[in-house]
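Here's the structure, in structure tokens; my notes come after.
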Amino acid sequence: MCNDEHAGQHAGQHAMGRRGLLVTGAAAALTLGTVSFANAAPNPGNGENTEDEHTQVVHGTLPPGSPDFVYLPVEIPHGVRELHVSYTYERPVVPAGTQGNALDIGIFDERGTELGGKGFRGWSGGARTEFFIRADDATPGYIPGPVRAGTWSIALGPYTVSPQGLAYEVTITLRYGAPGKTPKPVYPPERAKGRGRDWYRGDCHLHSWYSDGRRTPAEIAALARAAGLDFINTSEHNTHAAHPHWADQAGDDLLILTGEEVTTRNGHVVALGTDPGTFVDWRYRARDNRFGYFAREIRRAGGLVVPAHPHATCIGCNWKFGFGEADAVEVWNGAYTPDDEVSLQSWDNTLVASVRSGRRRWTPAMGNSDAHRPPDPVGTPQTVVLAANLTRDAILDGIRAGRSYVAESKAVSLDFSAAGGRGQHAGIGERLHVDADDPVTVRLEVTGAPDCSVRFVTDQGVLHTVALAASGTGTVEWRTTASYAAYVRAEVRHAVVVPGLPGPLAAFTNPIFLGT
């Protein structure tokens, strides 16, 4: 590292030359030379003079093929009130089909960058060009708290690097003075008023301005209520910083769960309903064999592991960790598109594999909006869960058990059941215990789905299709046996839009299993 104290304290970091490869657990990362403020003694003034702050500027270039994470260590002296970081990077023109530059940013404090450790202090990905941390406040996505002395690490994430390399500049400013007091976090309650055992509507994948969304928690809560939702789950990319900022938006009519969208380079997973304040690390790929550990961490924190948009086509979105650790899977994400159709059919194949292998374990499906900004609608789609009450535990139990269906809006309601000849009855996510050749009647009641059709899907494929009345209200029945259909699930679909594909979903259910 080269320092130039005479020109605004510029430091040059050339990643092509002097660099160190630090291996932490299974994850490899590039660690640059340390930026030192050791000689920048604080001025005993009132903190308002420019002499009470010091700045250093670091610049360098990352080559194509750089590791996923590049750490820039910064030595923080005693007496720092505020840390402020900004960055820029070049975006050269690249040929069509070639990836350009994209650089994410976050930070870890003096407790270190160990995978799953306690040093995390914030992440904004590529959503912001600057952030600050103080004891009493921080940029959305970052954790307030004292700026303690020691080696902090700015985390740079070269998401994509152009053939020309990724030239960057990071500006680090320390402001000195009394640290202030860190507020004690207040989290949303784990219970709302509810209606006893009933069907509750929720959207468990949402983004506010605490990651890359453009809405405030208050705006999202208002939209959730307007969409007829009973519960939502916070799911910011790679940070839990939003958790204390939702308490004011909860109420008797809206349960707010806390979570995170763990955004790895090999797919995204929603940590749904974790204990408030839980951080889940994301700095690994499938080949590192670390996902199982962090999936168990999610469950230890009381949450569910939900792979998100597993067949999405964005860079790093396609799910590569397998579904052995999944408690549910998000097969419908936002507006229904062909990749959702692929996710739905892929999920259905897991049901087929489960029943044909004789396994009783299966992975329920759900749908969420993944809304980020206007005009993204909140609650399109929404997961409708049968729960004992409107509480965190009851909602998570319902999702985990698959007692749910997915609807495009509050207008669509389903009642799906199966009955045997001797009075047996089962609902969504349950098993109807009948002998192989006992008659079974499957019944679906639909409201709010005009100009749609109903399909009954089994392990043998689509076995029954009926058009609903133009009003979108109707009842469809079908008779079968467990020997003919090991499970039955229902789909409500609009008319065909893309030739060769079924019409977009208006709603679908988790399966009812048939047999002993």
Side-chain angles (χ1 to χ4, degrees), residues 1-4 10-24 26-35 56-74 85-108 113 115 123-131 141 153-172 211-212 237-238 261-268 281-288 290 309-321 339 372:
M1 183 178 76
C2 139
N3 290 305
D4 181 359
H10 292 269
Q13 298 262 8
H14 299 285
M16 291 288 287
R18 300 182 62 189
R19 65 182 186 178
L21 188 65
L22 174 66
V23 178
T24 304
L30 175 69
T31 300
L32 304 174
T34 301
V35 177
Q56 294 213 46
V57 179
V58 175
H59 55 84
T61 301
L62 299 174
S66 290
D68 289 343
F69 301 100
V70 176
Y71 296 111
L72 174 60
V74 181
V85 176
S86 63
Y87 79 120
T88 61
Y89 59 94
E90 292 182 1
R91 295 173 172 84
V93 176
V94 296
T98 301
Q99 297 298 333
N101 285 334
L103 184 63
D104 295 341
I105 197 167
I107 196 165
F108 292 78
T113 61
L115 193 66
W123 181 258
S124 48
R128 288 183 168 82
T129 59
E130 60 183 324
F131 64 85
S153 296
I154 297 170
L156 301 175
Y159 200 67
T160 55
V161 179
S162 72
Q164 300 96 319
L166 196 161
Y168 64 88
E169 181 178 278
V170 180
T171 302
I172 308 153
S211 60
D212 62 343
H237 293 285
N238 298 341
E261 184 176 7
V262 185
T263 307
T264 81
R265 300 298 180 87
N266 283 163
H268 304 181
D281 214 322
W282 74 98
R283 294 170 295 157
Y284 44 84
R285 288 181 180 252
R287 66 189 178 208
D288 296 324
R290 300 305 296 271
H309 45 64
H311 291 279
T313 57
C314 48
I315 296 172
C317 294
N318 195 264
W319 185 252
K320 297 185 182 299
F321 294 98
D339 64 83
H372 281 69

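The structure displayed is predicted, hence computed values, not measured ones.
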Quiz prompt | R265 NZ/CZ over Y159 ring centroid, <6.0 Å and within 45° of normal | solution = no
Exercise. Examine distances only and state if a side-chain atom of N266 and a backbone atom of K320 form a donor-acceptor pair shorter than 3.5 Å.
Key: no
Exercise. Begin with the C-alpha distance, continue with both residues' side-chain angles, and end with the deciding distance and a verdict on side chain to side chain contact (heavy atoms under 4.5 Å, CB included) for I172 and I154.
Key: CA-CA 10 Å; I172 308 153; I154 297 170; 3.8 Å; yes
Quiz item: Is there side-chain contact between T264 and D68, with at least one heavy-atom pair below 4.5 Å?
Solution: no
Exercise. Side-chain contact test, heavy atoms from C-beta onward, threshold under 4.5 Å: evaluate it for L62 versus L30 and give yes or no.
Key: yes
Practice problem: I would like to know whether V85 and E130 meet side chain to side chain contact (heavy atoms under 4.5 Å, CB included); could you show each step before the answer? | Solution: CA-CA 5 Å; V85 176; E130 60 183 324; over 6 Å; no
Quiz item: Just wondering, do L156 and Y168 contact through their side chains at under 4.5 Å, heavy atoms?
Solution: yes
Practice problem: Taking the side chain as every heavy atom from C-beta outward, state whether S66 and L166 have any atom pair closer than 4.5 Å. | Solution: no
Practice problem: Report yes if some heavy atom in the side chain of N318 is under 4.5 Å from a heavy atom in the side chain of T313; otherwise report no. | Solution: no
Practice problem: Measure the CZ-CH2 distance between F69 and W282 for me, rounded to the nearest 0.5 Å. | Solution: 6.0 Å
Quiz item: Got L115 and R290 here, is their nearest side-chain heavy-atom distance under 4.5 Å?
Solution: yes
Exercise. Check side-chain contact (heavy atoms from CB on, under 4.5 Å) between T160 and all other residues, then give those that pass, not counting sequence neighbours.
Key: Q99, A102, I315
Self-check item: Residue pair N101 / S162: nearest heavy atoms and the distance that separates them
Solution: OD1-N, 2.7 Å
Self-check item: Sequence-distant partners of F321, ring pair (Phe, Tyr, Trp, His ring centres under 6.0 Å), two or more places apart
Solution: F291, W319
Quiz item: Is there a donor-acceptor contact under 3.5 Å linking the side chains of H309 and D339?
Solution: no
Exercise. Identify the two heavy atoms, one from A29 and one from Y71, that lie closest to each other, and give their separation to 0.1 Å.
Key: CB-CE1, 3.3 Å
Return a table of donor-acceptor pairs under 3.5 angstrom between the side chains of residues 89-97 and protein atoms on other chains or two or more places apart.
unit_1: Y89; atom_1: OH; unit_2: R91; atom_2: NH2; d: 2.9
unit_1: Y89; atom_1: OH; unit_2: L103; atom_2: N; d: 3.4

Self-check item: Qualifying residues under side-chain contact (heavy atoms from CB on, under 4.5 Å), relative to T263, sequence neighbours excluded
Solution: H237, N238, E261, H268
Quiz item: Where do P163 and P64 come nearest, in terms of heavy atoms and distance?
Solution: O-CG, 3.8 Å
Self-check item: Derivation and outcome, side chain to side chain contact (heavy atoms under 4.5 Å, CB included), residues T34 and V74
Solution: CA-CA 6 Å; T34 301; V74 181; over 6 Å; no
Exercise. Name all residues meeting the side chain to side chain donor-acceptor pair (under 3.5 Å) criterion together with S86; count only those two or more places apart in sequence or in a different chain, and write none if there are none.
Key: none
Exercise. Can you sort out the partners of H311 under ring pair (Phe, Tyr, Trp, His ring centres under 6.0 Å), two or more places apart, ordered by chain and number?
Key: none
Quiz item: Looking at side-chain heavy atoms only, is the closest gap between V35 and L72 below 4.5 Å?
Solution: yes
Self-check item: Residues forming a side chain to side chain donor-acceptor pair (under 3.5 Å) with S124, sequence neighbours excluded
Solution: Y142
Quiz prompt | Heavy-atom closest pair, residues A312 and C317 | solution = CB-CB, 3.8 Å
Quiz item: Listed by chain and number, what are the ring pair (Phe, Tyr, Trp, His ring centres under 6.0 Å) partners of F108, not counting sequence neighbours?
Solution: F120
Quiz item: Taking side chain as C-beta onward, heavy atoms only, is T88 less than 4.5 Å from T129?
Solution: no
Quiz prompt | With D281 via salt bridge (Lys or Arg N to Asp or Glu O under 4.0 Å) - residues at least two apart | solution = R283
Practice problem: Please list, chain by chain and in numerical order, all residues satisfying side chain to side chain donor-acceptor pair (under 3.5 Å) with R128, sequence neighbours excluded. | Solution: none
